[in-house]
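Report on the following structure.
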Amino acid sequence: MSSFYGVELKSRLLLGTSRYPSPAVLERAVKASGAEVVTVSLRRESGTGRAGQAFWSLIQSMGVRVLPNTAGCHSVKEAVTTAHMARELFDTPWIKLEVIGEADTLQPDVFGLVEAARILSEEGFEVFPYTTEDLVVAERLVEAGCRVLMPWGAPIGSARGLNNVYGLRSMRAHFPEIPLVVDAGLGVPSHAAAAMELGYDAVLLNTAVAEAGDPVEMARAFALGVEAGRAAYLARPMEPRDMAVPSTPVIGKAALGD
Amino acid sequence: MRIYLNDDMHEVAPGTLAAALETLGFGGRKIATAVNGRFVAASARPRTELADGDRIEVVAPMQGG
């Protein structure tokens, strides 16, 4: 069990809903992943369009909790206004807060992120900030009221895995009581397992599943990776060492040499 | 008067945001709104008077990561 703002979740995999080949594949992938939380967003809709309404009906039919995001927001004002719209539309205080600072890497604008997190936390939002592994920024986010931190593994959609294992490990050690989620940049289940082996509480991913050749099977594979990584963390892995140590006992070995 | 809804210009009768949304086909829809960059809650739409040139944003649930 992992707890996010008092909500207990059995699954440690949070899944995005974007870029799937079809709504039917999305639905099957969510089911195969075992995710209890999916991320959603807001976009303009015309008076004649019905895409948003159809998508919302599908999400509701899945019986999952939603985590709305502020994706694409580049300023504090945009992110805060988007959060207000999301809270009303999705009827949840949860918000995955993104304030993007750099177009090529989609790196968070951590200064704007802290400012927006403070505003939203004071207004009663439960903020899931998409941040970097910078410990000073993380401290500021906690001071601002965040009770979950979501450092990136690598740039969004890059499938590069954990770019800074040392930084992520430091963050886990520095914030033993704060739920930590590696968000973004994962490509294969071993990346998710590695994050969980570091003691992270969960992972959040989207593109790695949605753009796989078989998204449903990849969703299942990620669920297994997350479960394996978590079990390994709880089993306390041995320390790496520089030299070989025979695993087979030497005592009692038959003397067969010359 | 002229208003801009998601950047598209529309000619509507002077009135409230709720009335304009109804006229433009959003009645009963699951949407969220902002006027001139400021969030307007659903409950406030019937008492939000629009002015000529107002910029309205209308968003709906969408896939997200």
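Below, chains carry the letters A, B, ... as their sequence lines are ordered, and counting in each starts from 1.
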Could you give the distance from CD (B/Q63) to CG (A/L58), rounded to the nearest 0.5 Å? 8.5 Å

How about CZ on A/R220, more than 12 heavy atoms from neighbouring residues, nucleotides or ligands closer than 6.0 Å, or not? no

What's the separation between atom CZ in B/F26 and atom CD in A/E45, rounded to the nearest 0.5 Å? 7.0 Å

Taking atom CZ of A/R160 as the centre, does the number of heavy atoms from other residues, nucleotides or ligands within less than 6.0 Å exceed 12? no

Contact winner vs chain A - B/A32, B/A41, B/A34, heavy-atom pairs under 4.5 Å: B/A32

Correct closest heavy-atom pair for B/G65 and A/S18 would be N-CB, 4.2 Å

Does A/F111 have more than 12 heavy atoms from other residues, nucleotides or ligands lying within 6.0 Å of its CZ? no

Under 3.5 Å donor-acceptor, B/K30 side chain and A/W56 backbone: no

What distance do A/M85 atom CE and B/I31 atom CD1 have between them, rounded to the nearest 0.5 Å? 10.5 Å

Heavy-atom pair count under 4.5 Å with chain B, highest-scoring of A/S41, A/G16, A/G49: A/S41

Please flag which part of A/T82 lies under 4.5 Å from any non-hydrogen atom of chain B: side chain, backbone, both or neither. neither

With chain A, the option among B/G25, B/A60, B/G27 that has the most non-hydrogen atom pairs under 4.5 Å is B/A60

Most contact-rich option vs chain A, by heavy-atom pairs under 4.5 angstrom, among B/V58, B/L24, B/L5, is B/V58

Using atom types as modelled and distance alone, determine if a side-chain donor or acceptor of A/K77 lies under 3.5 Å from a backbone N or O of B/G37. yes

Could you give the distance from CD (A/Q53) to CZ (B/R29), rounded to the nearest 0.5 Å? 4.5 Å

For A/D91, is the CG atom crowded, meaning more than 12 foreign heavy atoms sit under 6.0 Å from it? no

Strictly distance-based, threshold 3.5 Å: is any side-chain N or O of B/N6 a donor or acceptor partner for the main-chain N or O of A/S46? no

Donor-acceptor contact present, side-chain A/T39 to main-chain B/G64, <3.5 Å: yes

So which residue, A/L67, A/V66, A/L89, A/L42, ends up with the most heavy-atom pairs under 4.5 Å with chain B? A/L89

Where on A/E78 is there a heavy atom nearer than 4.5 Å to chain B: the side chain, the backbone, both, or neither? neither

Once you round to the nearest 0.5 Å, how far does CG of B/D7 lie from CZ of A/R44? 4.0 Å

Are there more than 12 heavy atoms of other residues, nucleotides or ligands under 6.0 Å from atom CZ of A/R50? yes

